[in-house]
Peer 1: 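A single structure is presented below for examination.
Letters A, B, ... mirror the listed sequences (proteins, then strands); counts begin at 1. Computed over heavy atoms, backbone and side chain alike; hydrogens, waters and symmetry mates excluded.
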Amino acid sequence: GKVPASSIIASAPSDKNLDAWRELGCRTTHCNLEVLQESTLVFLATKPHILPGVLQEIHPAVGPHHIVVSLAAGVTLQTLQWLLPAGTKVLRLMPNLPCVVQAGAMVFTRGSGAGDEEAALLKSLLCSCGLCEEVPESYINIHTGLSGSGVAYVYLFAEALAEGAVKMGMPGGLASRIAAQTLLGAAKMMLESGEHPAKLRGDVCTPGGTTIYALHQLEKGALRATVMNAVEAATNRACDMAED
Amino acid sequence: SRAVPFAGVLAAHKITASSPDTDLPTVSGLRKMGVNFTVSNKDTVKSSDVLFLAVKPPIIPFILDEVGPDIEARHIVVSCAAGVTISSIEKKLSTFCPTPKVIRCMTNTPVIVREGATVYATGTHADVEDGKLLEQLMASVGFCTEVEEDLIDAVTGLSGSGPAYAFTALDALADGGVKMGLPRRLAVRLGAQALLGAAKMLLESEQHPGQLKDNVCSPGGATIHALHFLESGGFRSLLINAVEASCIRTRELQHLADQEKISPAAIKKTLLDKVKLESPSLSVASASKVSLFTSKS
């Protein structure tokens, strides 16, 4: 709600991707150059292998007033700056899926041409979609492993929780909703209390109670190490893919 | 184990220790500290107000039978024997004294360096002041607090056995140090100091151990890499398993003792003979137990 829809113009080769934008009241076009002409802040949201072509296409229309934000996974600031006019204000943004429900986790990093003003602008626009933090470029792949892919880990965990409940006799639909709400609630407590998750965990564990018995099972299964492995694997894969 | 004359709380000459076997190294150690020594349990009881029963659990019934007749209302009987319940001690003593004051405690070996972890539970006739007296004594050799008796098994699993877990960890840490090039003595010294320091930090901090751990783990650094290995090995669950196993075993042993399944043959015959020697005035019940034993030989 920070920017009126009419101030937004979206471009795509075919109409199928543009309907959603039109429905929101945004202007649309099939011409990338038109976006550059009409806008100051430009988001590049193409697949990584398409991006170099698009950058070459818009190169002549990019000026010192433009702020170019790339969402393409694995395309480095160095590559972006190489393919755009020297001194262009370039930033790289890595969101995650829950941005679509305004509960996203986003990190961005600035290129050499981008200053505090551009960073502040981006942050103020994006924080309406969730958490938005500026980071050094080296954290972008880690963010992928933690939160980009991390969303899938949570879905897996939620599914497993629900299955456990189904095994114990609860209907699947209900179990699923409760599992999701449990994750949501726990996450909310973590964010709002600022307390260390270990402390919050301890607060739930009454001596000899159900929770500590369950946690023991999780520890026996080396859940922590497995999760660390997952974040590491996704991060490493992001690094590998970036080099391709 | 070496007794510590309650560091500053109680003068050594006010302490009397007794043991049937005078050849034990503990005896000469106690004598050196200025503690009064006797071979007679009866003399000890007569000259003392607080009686620490520091014998192995199977011996407790025999000791209680021996000293029972001399127990008076003023006496506070403190048992440190693992798995021996307050009610079993009260039951034994009540044949001699109607309201025996019994306190059960569970301590651990680092009392000998004044860093013990002790808990106690007070029996039916022990007053608040009696508990506080014990607490004052044990607090001089470490941490001491009162608990409900039903938690004592868990305490055994955690801090009773705990030093053994720590020694095992320290041995392994030292191995790690040696593997990476440190001389053994230095590795042991550094490992021990690391655990000592960490424990001290935790005790003096308001922070959760998880937070303290995070404070040591710089991003992408050495420590987090190491911790990942620990997690992969199920380090946490191993420790949970250990505490649980020790606690459960304590309960098992207590259960066995309650059913008197521990055979007298498990008790050193020489020890029992000495107990028999010093107590000419045994009650009938225990005399039959002792004679049963001697007729077996």
Peer 1: Evaluate the criterion side-chain hydrogen bond (donor to acceptor under 3.5 Å, both in side chains) for residue pair B:Thr85 and B:Gln254; output intermediate values, then yes/no.
Peer 2: CA-CA 8 Å; B:Thr85 59; B:Gln254 179 180 307; 5.4 Å; no

Peer 1: Side chains of B:Lys213 and B:Leu227, heavy atoms from C-beta outward: is any pair under 4.5 Å?
Peer 2: yes

Peer 1: Donor-acceptor pair, A:Thr76 side chain versus A:Thr79 backbone, under 3.5 Å?
Peer 2: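 It does hold such a pair.
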
Peer 1: For B:Glu244, which atoms come within 4.5 Å of any heavy atom of chain A: side chain, backbone, both, or neither?
Peer 2: side chain

Peer 1: Is there a donor-acceptor contact under 3.5 Å from the side chain of A:Asn96 to the main chain of A:Ala105?
Peer 2: yes

Peer 1: Please state whether the side chain, the backbone, both or neither of A:Glu232 comes within less than 4.5 Å of a heavy atom of chain B.
Peer 2: side chain

Peer 1: Under 4.5 Å from any heavy atom of chain A, what part of B:Leu151 do you find: side chain, backbone, both or neither?
Peer 2: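 No part of it gets close to chain A.
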
Peer 1: Checking heavy atoms, do the side chain of B:Asn241, its backbone, both or neither come under 4.5 Å from chain A?
Peer 2: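 Both parts, backbone and side chain.
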
Peer 1: Can a donor-acceptor pair be found, under 3.5 Å and without considering hydrogens, that links the side chain of A:Glu137 to the backbone of A:Leu77?
Peer 2: yes

Peer 1: If you tally heavy-atom pairs under 4.5 Å against chain A, which of B:His228, B:Gln211, B:Glu231 wins?
Peer 2: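 It is B:His228.
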
